[in-house]
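Right, one structure below, let's go through it.
Worth knowing before you read on, the calculation uses all heavy atoms, side chains too, and leaves out hydrogens, waters and symmetry mates. If you're wondering where the values come from, they're calculated on a predicted model, not measured in any experiment.
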Amino acid sequence: MRSSSAMANALPGSVDGLHRLARREFGRLKRHPEIIVRFFRHAGLSVSGIP
C-alpha cells in the first residue's frame with residue numbers, strides 16, 4: 001500500500017491530472033476500507049456495522 005502522503009504531496013499539472021489522481025486514490029480506498037474506518041475513529045466518531 002502506498003503512503004497516505006501520496007495525495008498530500010501530489011502536484012498535478014492540470015485539472016485532468018488532478019482528476020486522474022483523485023480517481024486512483026478513491027479506488028485505493030475502495031480496496032482498503034479499513035483506512036476509512038481509521039479516519040472516522042481518529043476523529044472520535046463511531047463506525048457502526050463495520051468491525
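With hydrophobic clusters built from ILVMFWY side chains whose heavy atoms lie under 4.5 angstrom apart, I36 shares a cluster with F26.
The 12-atom threshold is not exceeded at CG of L11, counting heavy atoms of other residues, nucleotides or ligands nearer than 6.0 Å.
Rounded to the nearest 0.5 Å, atoms CZ (R38) and NE2 (H32) are 10.0 Å apart. Separation of atoms CG (L18) and CZ (R23) is listed at 12.5 Å; rounding is to 0.5 Å.
Of all heavy-atom pairs between P12 and G17, the closest is CB-C, 3.7 Å.
With hydrogens and angles disregarded, a donor-acceptor distance shorter than 3.5 Å links the side chain of R31 to the backbone of G27.
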